[in-house]
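To start, the structure under review is shown below, and the notes come after it.
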Amino acid sequence: MSAEKHMWWKEAVIYQIYPRSFSDSNGDGIGDLNGITSRLDYLEKLGIDVIWLSPVYQSPNDDNGYDISDYRDIMTEFGTMEDFDRMLAEAHKHHIKIVMDLVVNHTSDEHRWFVESRKSKDNPYRDYYIWKDPKDGREPTNWESCFSGSAWKYDETTGQYYLHCFSPKQPDLNWENPKVRDEVFDMMNWWCEKGIDGFRMDVISMISKEQSYPDGPLKDDGIYGDMFPYVCNGPRVHEFLQEMNRRVLSKYDIMTVGEAAGVTLEEAKKYANEEGTELGMVFHFEHTDGASEGRNVIGKWNYQPPRMPHIRQILNKWQTGLEGKAWGSLYWDNHDQPRVVSRFGNDAPQWRVLSAKMLATVLHMMKGTPYVYQGEEFGMTNMHFASVEDCNDIEAVNAYNQYVVEQKIVDEETMLKCFDAVSRDNARTPMQWDDSENAGFTSGKPWFTVNPNYKEINAAAALKDPDSIFYYYQKLISLRHSNPIIVYGQFRPLLEDSESVYAYERTLDGRTLTVAANWTEQEAACDLFDGLAGEEIISNYKEHKTGVLQPYEARVVLH
Ligand code: GLC
Ligand code: CA
């Protein structure tokens, strides 16, 4: 028996959709809800259990929907509430649940609450947001926002600054105010009553701020300070989530996953505790933010290839650290990350398929709930950005303006190299459905450039090829559904000294699953399978060699 309580969401595989780039049904070049509904057969075929929808609420799209102006309405470009209800009903018919993105650290500055809040100091909505007087004639603290520049914006009308940890069009909500919590919980209950199946909670680790608002240590740019110590995992965050749990989450059979910027293992054990008093699980960022090992050009920006032993050490720490205490989530990709096959694998034509399957094996055999990001299931790759004009993401464009144009501390070529390696835009190019014009994403002009490799890399081609990455993911997902050891088995690292091979085992009820993967394009020593009797449940090679793993070979044996 496993140490953990059995829950449906521990046994599920989640598929993330970035609606803007998924499928356009009406030719305006923007993906929409009817587009998603039309692709449910495809997703059912892949075998996933849940869709996590990036935000579909009304939004002026300063940060592509992560700036919400009405939580109870659908973004005009994405469709209507009727389209949503139909999508939800159809998804359920396809045995697929729908999890909503919950963005409640901040709203859009066009949200009714903020429009009121900024009107006057005595407006009833004033304390829905975080307003502060100037300090010595300038910003209340030296904090840098996640999207460059100060995290404070001065508002002429009342002579005060408001806090925005992201763009100035994303003012932070004041969770200290009980009315804000009432509004958020009412809204969540409203969606739950509609029949949705859970929430992915955007930067939920940032909702409680250190109330003394101190300056932060100076950052690389020499101008701004680091706000993270005072906004991540803040003093009341667990109290707020426990209240949310009592007033909303505990009333429904839903799944929750918190996006937990700055989360440590110790904090994660509280957020995702087995008693279930807060959230189901959290996303941590140690293996993605930390992949560069600090070899950054500036801020998050870097282009150094990650080293497997470093990634392994991080993931193994989380696997063993959470064991029996809290549930984890497993991901390589999402809408904020570059494409996994380009980042951790090898997207050259001769290695793309093998390395994508290898990476999928490593992730999907681990303990936790796996997430697949649209296009990952057939090996979509990073994009090339020839100039900043090719970019859409506010984070990249602002960073370029600050570091290259204004401060001149990074040259253009270096910055573009960083964009190719880690920009969020890599994940946001339109989904490559087939080899027709615009990759079958739209019959109109796509809102964002289609990756030119769509002729070779697309879903239709993958569906035709029995050896494709798609069918490999399909198999990994179905193995998880039929083998409790993959869900609940205890994790133990193996071969931790190997420079090339990532290996581990899972054990449950006297059985063992041995997993090993070669992260390099050379043969690598590995004797784990020599003389091992058992059933090979999946591998990306048909023939094996004794004593070694072939380039990017992955093997899983149950014994
Ligand atoms: C989260 C989202 C990201 C967004 C930010 C602000 O990190 O994943 O896309 O820009 O929060 O909402
Ligand atoms: Ca559309």
Side-chain angles (χ1 to χ4, degrees), residues 16-39 52-57 59-69 71 74-80 83 87 100-109 111 145-148 151 163-173 199-207 227-228 231-232 257-263 282-285 288-289 300 329 331 333-338 371 373 392-399 423-428 430-431 438 441-448:
Q16 185 192 352
I17 290 185
Y18 195 67
R20 192 168 205 79
S21 300
F22 189 64
S23 186
D24 174 23
S25 69
N26 63 351
D28 67 354
I30 299 172
D32 46 49
L33 300 183
N34 290 339
I36 297 171
T37 309
S38 74
R39 303 291 184 175
W52 149 27
L53 269 187
S54 274
V56 296
Y57 316 89
S59 163
N61 282 308
D62 188 53
D63 184 20
N64 289 346
Y66 283 92
D67 48 321
I68 297 169
S69 54
Y71 290 103
I74 298 296
M75 193 191 300
T76 316
E77 294 159 317
F78 289 176
T80 62
D83 296 335
M87 178 190 70
M100 303 292 283
D101 217 312
L102 182 79
V103 189
V104 289
N105 173 68
H106 45 268
T107 69
S108 163
D109 65 339
H111 192 288
S145 94
C146 291
F147 294 158
S148 307
L163 178 69
H164 60 88
C165 290
F166 296 87
S167 110
K169 286 187 66 63
Q170 294 166 299
D172 280 55
L173 282 166
F199 297 104
R200 173 268 184 188
M201 303 186 186
D202 194 64
V203 288
I204 203 68
S205 54
M206 291 169 69
I207 57 176
M227 68 177 168
F228 270 38
V231 303
C232 292
V257 52
E259 189 208 20
V263 72
V282 291
F283 292 124
H284 73 80
F285 292 94
T288 51
D289 289 356
K300 79 164 236 181
S329 60
Y331 73 96
D333 272 348
N334 61 41
H335 66 294
D336 294 330
Q337 301 297 333
Y371 289 72
Y373 179 70
N392 166 266
D393 177 27
I394 181 169
E395 180 185 51
V397 174
N398 287 359
S423 163
R424 309 197 300 179
D425 277 331
N426 286 300
R428 301 178 181 185
M431 177 83 166
N438 300 322
F441 162 70
T442 177
S443 58
K445 184 177 172 330
W447 75 276
F448 193 39

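No hydrogens, no waters, no symmetry mates; every other heavy atom, side chains included, goes into these values. We count ligands from 1, going down the list as the structure has it; atoms in each ligand are counted the same way.
For the residue pair E259 and N334, no side-chain donor N or O sits within less than 3.5 Å of a side-chain acceptor on the partner.
Ring centroid separation for the pair F166 and Y66 does not come in under the 6.0 Å cut-off. Between H164 and F147, the distance separating the two ring centers is not shorter than 6.0 angstrom.
Of the possible polar contacts, one joining the T80 side chain to the D83 backbone as a donor-acceptor pair under 3.5 Å is found. The closest donor-acceptor contact from the side chain of D32 to the backbone of G79 lies at 3.5 Å or more, if one exists at all. In this structure a side-chain-to-backbone donor-acceptor pair under 3.5 Å is present from Y373 to A427. Panel note: side chain D425, backbone R428; no donor-acceptor pair is recorded below 3.5 Å.
Listed by chain and number, the protein atoms of type N/O/S under 3.0 Å from the Ca ion (ligand 2) are D24 OD1, N26 OD1, D28 OD1, I30 O, D32 OD2; waters are omitted.
In this structure, Y71 and H111 have tilted ring planes: the angle between them lies in the 30° to 60° band.
With salt bridges taken as basic N to acidic carboxylate O contacts below 4.0 Å, none links D67 and K169.
Sorted by chain then number, the residues whose non-hydrogen atoms approach ligand 1 to under 4.0 Å are D63, Y66, H106, F147, F166, Q170, R200, D202, V203, E259, H335, D336, R424, R428.
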